[in-house]
Participant: 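Have a look at this one before I ask anything.
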Amino acid sequence: MEEKRVRVRYAPSPTGLQHIGGIRTALFNYLYARRMGGDFILRIEDTDRTRFFEGALEDIFSTFEWLGMSYDEGPVKNGKYAPYFQSERLELYQKYAKELVDKGHAYYCYCDSDRLERIKKIQEASKLPPGYDRHCRELSNEEAEENRKKGTTPVIRFKAPLDGTTSFDDRILGKIEVNNSTLQDFVLLKSDGFPTYHLANIVDDHLMEITDVLRAQEWIPSTPNHILLYKAFGWTPPRFCHLPMVMGEDGHKLSKRHGSTHVIEFRNNGYLPEAIINFVSLLGWSYNDKEEIFSLEDLTKIFDVDRINRAPAVFNYSKLKWFNGVYIRKLSIDKLLELTLPHYIKAGLVSEKPTDEELSYLKKILPLIQDRLELINDAPELSDFMFGTLPPYKTWSEILPKKVEKEVVIKILEDSLTILKDIEVKPHSEMQDALYKLTEKHSVKAGAIFMPIRIAITGINKSPELFPVMSVLGKDRVIARLENSIKKLKEESS
RNA sequence: GGCCUCUUCGUCUAGUGGUUAGGACAGGUGAUUCUCAGUCAUCAGACAGGGGUUCGACUCCCCUAGGGGCUACCA
């Protein structure tokens, strides 16, 4: 049999910001399409008017762009099957819902929310499984007419089979079968004329010639409904592939209470798109047992649906951070500058319109902190001591090495000052060797020499390598900071 | 409650009847004539339990337990 060109879609509903779970689904669809040389479609399922969220669309587009995922058809871009907003396809769904009624697969239901509420309460009270009681399923024409006269706008419900079974073959889960007796007469068309997810989704998937549906496992329970719908229409269903859920650290579906979940939050917090893509690709999928650093480009070549896991995956923030560090270390200094500059400006370390001088100074600082940077946003905090004549000293007493007498520290700093005044401040072993000699003179360990110098010069006890720092700072500032520290220490001891 | 589904180190996972059960993150230790980070080395850490099937089960089957999802005129 000839294989059809693969067509997959990501179909978010604009009810909130894009989150990790959604983007994982989007990514897998994207990768599958690219790997198979097929089409990736973006479709906006805006069928719930009550939950529409203002910034959602903008967020979807910018998230895709930021992550570097392109789609072949979708809003704005359009394509052969336009429009890609379900809200613009209403007549279509109404037509198909009506068709189902005519074929006897669906019916008008006049039950209002009051009645629905009532039967729900009764079911709860008598511990019966909840669900619509199919009151309108076999309504006579007279009764229907009566309801119409009362002015109630009906919904259209699917007439689910009462017995037998419905099954489908999931690409990763295998055969899934349910008894039709457990199915509901779910709503297809709401009373406001909008379709429900179930109707709109399958109508569009069919019309848009979607071949594979990759979606989260939370959709498994409604898949039999969808299969039945395809059957009622006489259409061939696509292949289904249900992706494992993404959980929070407590084992529940990932949500806000687990911390950041929206892609935009990660973006704002200093995460790189490469890190998000790489990390998310490994949520429920793996390549092999040794490689795990992949670019989006790599992934389009190696992604394999058959290697997707069945079990849910817990979102591990610390591993994401590690990935971010990996990708930050891969950045060129120019790129790193571009990304960190706004933060330096915000921190007030660089002027609003940075001068060339400021820019080239930043370019000298960044290599100093690149290795230790985990989040782009942390750059200013990690390097603020590189700015100004004197660093922002903390309390001296807290920072001084504990095991060394203050008098000795002062002597060490004075000796260092003498040494440094005489040589070039370069990141060279010469400087290191010269200072190292002080360990013998004062009979202390290396740390007792370098720590005081570090603190005197940077004002902190955790800094990048001392000699590169001194080199970037320049001789004048090194001397000034050393002198200032000695002075301060002397004041404090008197 | 009902239906569906899942189960290898704390976490992400490799594994497809015979392995010292491998890797990564996190954690421990050591090295890198200084701290932190990075890097390198190293340690610790798992097949949920019980029955089968088999010469042999992490791998196949059944049961139990535990987890998760769904159960809307939301997607």
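Letters A, B, ... are given to chains in the order of the sequence lines, protein chains preceding strands, and every chain is numbered from 1. Just so it is clear, the model here is predicted, and its values are computed rather than measured.
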Participant: Identify the two heavy atoms, one from A/D46 and one from A/F194, that lie closest to each other, and give their separation to 0.1 Å.
Facilitator: O-CE2, 4.0 Å

Participant: My understanding is that a pair needs two contacts under 3.5 Å, Watson-Crick or G-U wobble. By that rule, which nucleotide pairs with B/rC40?
Facilitator: B/rG30

Participant: Please check this pair: side chain of A/R89 against backbone of A/P83, looking for a donor-acceptor N/O pair closer than 3.5 Å.
Facilitator: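 At least one qualifying donor-acceptor pair exists.
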
Participant: Find the partner of B/rG45: check Watson-Crick (N1-N3 plus N6-O4 or O6-N4) and G-U wobble (N1-O2, O6-N3) distances, both under 3.5 Å, and reply none if neither fits.
Facilitator: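 B/rG45 is paired with nothing.
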
Participant: Before giving the answer on side-chain contact (heavy atoms from CB on, under 4.5 Å), spell out for A/F168 and A/V178 the whole-Å C-alpha distance, their side-chain angles and the decisive distance to 0.1 Å.
Facilitator: CA-CA 9 Å; A/F168 64 99; A/V178 297; over 6 Å; no

Participant: Classify A/P195 by what it touches in the nucleic acid, base, sugar-phosphate, or nothing, heavy-atom distance under 4.0 Å.
Facilitator: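 The answer is sugar-phosphate, as A/P195 gets under 4.0 Å only of primed atoms, P, OP1 or OP2.
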
Participant: Assign the ring pair A/F279 / A/F315 to parallel, tilted or perpendicular, where the plane angle (0 to 90°) is split at 30° and 60°.
Facilitator: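 It falls in the perpendicular class, over 60°.
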
Participant: Take atom CZ of A/F323 and atom C1' of B/rG23, then tell me their distance rounded to the nearest Å.
Facilitator: 12 Å

Participant: Using atom names, set out every protein N or O paired with an N or O of nucleotides 13-16 of chain B below 3.5 Å, distance rounded to 0.1 Å.
Facilitator:
| residue | atom | partner | partner atom | Å |
| --- | --- | --- | --- | --- |
| B/rU13 | OP1 | A/G284 | N | 2.7 |
| B/rU13 | O3' | A/S286 | OG | 3.2 |
| B/rA14 | OP1 | A/S286 | OG | 3.1 |
| B/rA14 | O3' | A/R307 | NH2 | 3.4 |
| B/rG15 | OP1 | A/R307 | NH1 | 3.2 |

Participant: Indicate, yes or no, whether a donor-acceptor pair under 3.5 Å links the base of B/rC74 to the side chain of A/T15.
Facilitator: no

Participant: Can you measure A/Q217 atom CD to B/rC4 atom C1' for me and round it to whole angstrom units?
Facilitator: 10 Å

Participant: What nucleotide among B/rC6, B/rG69, B/rC34 has an atom nearest to a side-chain atom of A/L173?
Facilitator: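 Side chain of A/L173 sits closest to B/rC6.
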
Participant: Looking at every strand, decide which applies to A/E291 at a 4.0 Å heavy-atom threshold: base, sugar-phosphate, or nothing.
Facilitator: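 Counting heavy atoms under 4.0 Å across all strands, no contact is made by A/E291.
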
Participant: Let me know the distance between CD1 of A/I293 and P of B/rC25, rounded to the nearest Å.
Facilitator: 9 Å

Participant: Is the ring centre of A/W322 less than 6.0 Å from the ring centre of A/Y327?
Facilitator: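 Here the rings of A/Y327 and A/W322 have centres that are no less than 6.0 Å from each other.
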
